[in-house]
Colleague: 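Structure incoming, see below.
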Amino acid sequence: MKFWRWLVIVALYAVPIVLFSTAGALALYRSGQYAWIWWLAPLCWVGAWLLTRAWRKRLSPPSEDDFSAPSYWTARDRAAWGVVESHQRRIGQILPKQLTDPHFYLQSVMDLALAVARHYHPKAKDPIGSLTVLDLLAASQLAIEDSAKWCREYIPGSHLLTVDQWRLLGKAPAWFSIAGNFAWAASVLMNPVNFGRFMISKFTTESATRQLREHALGWFYMVFVRNAGFYLIEMNSGRLRGGAARYRRLQPPLPWHPGMAAHTTEAARAEAAADRAAPRTEPLEVRIAVVGQVKAGKSSLINALLGCQLAEVDVLPQTKYVQRYELRVALGEPAARPTGRNLAEFKAAADEIGMDRLVLLDTAGYADAGATREQLAEMHEALRGADLVLLVMDAANPARRADAKLLEELDAWLQANLRRKLPPALGVLTHVDRLRPTLEWTPPYDWRRPSRPKEHSLAGAVDYTRAQFGSQLNAVVPVCTDGARQRVWGVYEELLPAMLLAVGDARACALLRTLHAELDRERLQLVFRQLGQACTGLLRAGLTELLAAAAR
């Protein structure tokens with residue numbers, strides 16, 4: 001709905017009251033214009049009633065379509081949101097009197113909690129049987145914090161009125177109606193003509209007021225179900241098990257109700273902008289797995305990526321066959337910077353990374369008889385723990401079956417591990433200097449709008465790879481990393497911007513991986529720590545009691 005429509009309707013109801021209060025009913029009566037101006041109120045109410053009927057569809061409760069799911073949600077989480085939306089769509093079957101009953105909201109949230117719990121745990125018999133105490137406490141704390149923000153922003157006087165005063169305000173409409181009836185009765189006794197005005201008022205104001213009230217209640221119900229459903233999903237997914245504070249630190253600030261963004265005050269918008277601009281106290285480690293067949297050019301690509309940065313490279317040992325390198329992105333010298341569209345995307349994406357650490361995982365090659373089972377096992381483990389995948393392929397070798405099988409295995413593993421989501425994957429075509437004409441090498445090449453023979457070959461190789469993999473790859477980028485012959489092109493101009501544009505989805509994967517890894521790692525450690533603290537507390541209490549008894 002448009003906010004100005006509400007202003008028009010409210011103004012039409014308020015004009016007569018403001019006019020009477022300022023000019024004074026007695027002064028109007030003495031001036032002889034009282035009878036004429038008195039008709040202003042029924043005319044305004046008729047206008048408000050007509051506009052309410054004309055805008056009835058536009059004044060309907062907000063749609064669930066304005067919700068934007070967080071980027072870190074898995075496919076199972078998005079399917080669970082469909083359960084929440086089905087409860088929102090029940091608004092048309094709910095009676096207005098139910099929307100004013102607190103017990104109705106309690107029953108609604110219990111029904112929704114059971115439906116969401118059964119989505120994650122099909123054998124669940126009640127809404128909370130499959131959850132831990134920490135899940136419930138964290139969800140309650142987060143929901144209470146959001147409710148406090150909502151009351152502070154959207155309920156006038158919520159910071160001033162006590163609970164008893166709010167209860168009295170709930171009776172105000174009935175009192176106003178009784179007072180209005182007495183006033184109309186007195187006016188009819190003074191002038192029987194006012195009975196017609198009374199009928200107009202009753203017919204128009206009660207209908208319009210009822211519709212406005214039903215819309216406000218329906219809007220509140222939609223927001224209530226939306227916020228409850230959001231944290232029910234977060235709770236059942238297990239992401240709140242580490243506590244509300246840990247959850248807030250790791251995830252970026254999220255709009256708790258996107259549908260209200262258009263009506264948020266400047267102060268609230270400034271506060272939200274400050275939250276987004278504030279540096280995160282704890283950066284995430286975003287892992288980028290570089291995988292590919294033997295002799296596809298993985299090592300040369302990593303050397304080229306690390307050579308693009310001005311900062312010193314950190315070599316971090318991972319396992320026997322997987323090496324870690326910390327990638328620090330910088331814009332570099334003017335001659336090496338990406339140009340045009342890529343430069344703008346590069347800067348925007350670099351700002352989005354913030355304090356996050358980018359770690360390259362150099363894995364062993366596959367599809368080779370010389371690769372041992374241990375090498376392949378470590379490569380698959382690194383791939384499953386990756387937040388972004390660089391699939392390196394030889395542009396001159398059209399054999400892609402081993403590469404497609406690798407992505408299929410990753411997808412199958414993630415289908416069995418529903419807490420994780422599929423990381424974005426970029427196809428990197430190396431050795432593009434071997435494409436026809438092989439003797440030509442005069443970069444840069446505009447392969448998106450090809451005009452030269454080499455550019456047509458590059459575009460053909462990219463299109464061929466896209467056709468083979470389809471939606472499995474987010475993008476396909478051609479590069480050349482032959483440093484020995486000084487043929488390095490596309491790494492900084494094409495690949496790094498594409499990587500940075502995918503970092504947003506990669507960070508979502510890193511968030512899920514970090515949360516669940518910490519919970520799994522600390523599950524037993526936390527139990528022993530809790531036992532130790534409990535025993536220490538009991539021992540301290542016992543000693544205190546003994547000392548007190550001895551002193552007596």
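Since we're looking at a predicted model, the values are computed, not measured.
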Colleague: For Thr74, what residues pass the side-chain hydrogen bond (donor to acceptor under 3.5 Å, both in side chains) criterion, not counting sequence neighbours?
Modeller: Asp77

Colleague: Would Arg76 and Arg419 satisfy side-chain contact (heavy atoms from CB on, under 4.5 Å), going step by step from the backbone distance to the final call?
Modeller: CA-CA 8 Å; Arg76 184 172 58 164; Arg419 299 188 305 176; 4.0 Å; yes

Colleague: Apply side-chain hydrogen bond (donor to acceptor under 3.5 Å, both in side chains) to the pair Asp111 and Ser108, showing each step before the final yes or no.
Modeller: CA-CA 5 Å; Asp111 293 342; Ser108 296; 5.7 Å; no

Colleague: Under a 4.5 Å cut-off applied to non-hydrogen side-chain atoms, are Glu234 and Leu142 in contact?
Modeller: no

Colleague: Shortest non-hydrogen contact from Arg90 to Ser86?
Modeller: CG-O, 3.5 Å

Colleague: Applying side-chain contact (heavy atoms from CB on, under 4.5 Å), run through Tyr366 and His380 and close with a yes or a no.
Modeller: CA-CA 10 Å; Tyr366 53 87; His380 281 91; over 6 Å; no

Colleague: Please answer whether the main-chain N or O of Ala138 pairs with a side-chain N or O of Gln141 as donor and acceptor at a distance below 3.5 Å.
Modeller: no

Colleague: Please find the pair of heavy atoms, one from Ala506 and one from Leu388, that lie closest to each other, and give the distance.
Modeller: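 Closest pair (atom of Ala506, atom of Leu388, distance): CB-CB, 4.0 Å.
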
Colleague: At what distance, to the nearest 0.5 angstrom, does SG of Cys480 lie from CD of Glu494?
Modeller: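 Output value for this atom pair is 13.0 Å.
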
Colleague: Indicate yes or no: at least one non-hydrogen side-chain atom of Gln88 is less than 4.5 angstrom from one of Phe224.
Modeller: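 Result no, sub-4.5 Å side-chain heavy-atom pair not found.
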
Colleague: Check this for me, if you would: do Arg324 and Glu326 make a salt bridge, where the nitrogen-to-carboxylate-oxygen distance has to be below 4.0 angstrom?
Modeller: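 No, this pair does not count.
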
Colleague: Would you sort out whether Val225 and Leu112 count as a side-chain contact (heavy atoms from CB on, under 4.5 Å), showing the intermediate values?
Modeller: CA-CA 8 Å; Val225 173; Leu112 178 60; 4.0 Å; yes

Colleague: Please check if the side chain of His87 supplies one atom and the backbone of Val83 the other of a donor-acceptor pair under 3.5 Å.
Modeller: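 At least one qualifying donor-acceptor pair exists.
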
Colleague: If only atom types and distance count, is the side chain of Thr481 paired as donor or acceptor with the main-chain N or O of Ala304 below 3.5 Å?
Modeller: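 Not confirmed, Thr481 side chain does not pair with Ala304 backbone.
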
Colleague: Give me the atom names and distance for the closest heavy-atom approach of Trp413 to Asn417.
Modeller: O-ND2, 2.7 Å

Colleague: Pair Asp463, Thr465 - check side-chain contact (heavy atoms from CB on, under 4.5 Å), show working.
Modeller: CA-CA 5 Å; Asp463 292 341; Thr465 306; over 6 Å; no

Colleague: Please lay out, stage by stage, how Trp81 and Glu85 fare under the test side-chain hydrogen bond (donor to acceptor under 3.5 Å, both in side chains).
Modeller: CA-CA 6 Å; Trp81 186 252; Glu85 289 180 336; 3.3 Å; yes

Colleague: Does the side chain of Leu131 come within less than 4.5 Å of Met235's, by heavy atoms?
Modeller: yes

Colleague: Taking Glu408 first and then Arg401, would you say they form a salt bridge - that is, a charged N and a carboxylate O separated by under 4.0 Å?
Modeller: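 Judged by the 4.0 Å cut-off on N to carboxylate O distance, Glu408 and Arg401 do form a salt bridge.
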
Colleague: For residues Ser299 and Asp362, report the shortest heavy-atom separation together with the two atoms involved.
Modeller: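 Scanning both residues completely, I find the closest heavy atoms to be OG-OD2, 4.4 Å.
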
Colleague: If you define the side chain from C-beta out and look only at heavy atoms, does anything of Tyr120 sit under 4.5 Å from Ile233?
Modeller: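 Yes - at least one pair of side-chain heavy atoms lies under 4.5 Å apart.
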
Colleague: With a 4.5 Å limit on heavy-atom distance, are the side chains of Leu426 and Leu473 in contact?
Modeller: no

Colleague: Atom CD1 of residue position Ile94 - does it have more than 12 heavy atoms of other residues, nucleotides or ligands inside 6.0 Å?
Modeller: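 Yes, CD1 of Ile94 has more than 12 neighbouring heavy atoms, counting only those of other groups under 6.0 Å.
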
Colleague: Measuring from atom CZ of Arg226 to atom OH of Tyr221, what distance do you get when rounded to the nearest 0.5 angstrom?
Modeller: 12.5 Å

Colleague: What is the distance from atom CG of Asp126 to atom CZ of Arg118, rounded to the nearest 0.5 Å?
Modeller: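 The CG atom of Asp126 sits 9.0 Å away from the CZ atom of Arg118.
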
Colleague: Is there side-chain contact between Val428 and Leu495, with heavy atoms separated by less than 4.5 Å?
Modeller: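 Result yes, sub-4.5 Å side-chain heavy-atom pair found.
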
Colleague: Compare every heavy atom of Lys298 with every heavy atom of Gly292, then report the nearest pair and how far apart it is.
Modeller: N-CD, 3.3 Å

Colleague: With sequence neighbours excluded, tell me which residues meet salt bridge (Lys or Arg N to Asp or Glu O under 4.0 Å) with Glu381.
Modeller: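 Result, salt bridge (Lys or Arg N to Asp or Glu O under 4.0 Å) vs Glu381: none returned.
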
Colleague: Once rounded to the nearest 0.5 Å, what's the spacing between atom CG of Leu391 and atom CG of Asp403?
Modeller: 4.5 Å

Colleague: Measure the shortest side-chain to side-chain distance between Val389 and Ile288 over non-hydrogen atoms and say whether it is less than 4.5 angstrom.
Modeller: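 In short, these two side chains do not touch, never coming nearer than 4.5 Å.
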
Colleague: Does the side chain of Leu406 come within less than 4.5 Å of Val291's, by heavy atoms?
Modeller: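 They are in contact (side-chain heavy atoms under 4.5 Å apart), so the answer is yes.
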
Colleague: Which atom names give the shortest non-hydrogen contact between Ala386 and Arg420, and what distance separates them?
Modeller: O-NH2, 4.0 Å

Colleague: For the atom pair OG (Ser71) and CG (Leu511), what is the distance rounded to the nearest 0.5 Å?
Modeller: 8.0 Å

Colleague: Report the distance from atom CG of Asp387 to atom CG of Leu284, rounding to the nearest 0.5 Å.
Modeller: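 So the CG of Asp387 and the CG of Leu284 are separated by 8.5 Å.
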
Colleague: Quick one: list whatever passes side chain to side chain contact (heavy atoms under 4.5 Å, CB included) with Leu422, sequence neighbours left out.
Modeller: Leu410, Asp411, Leu414

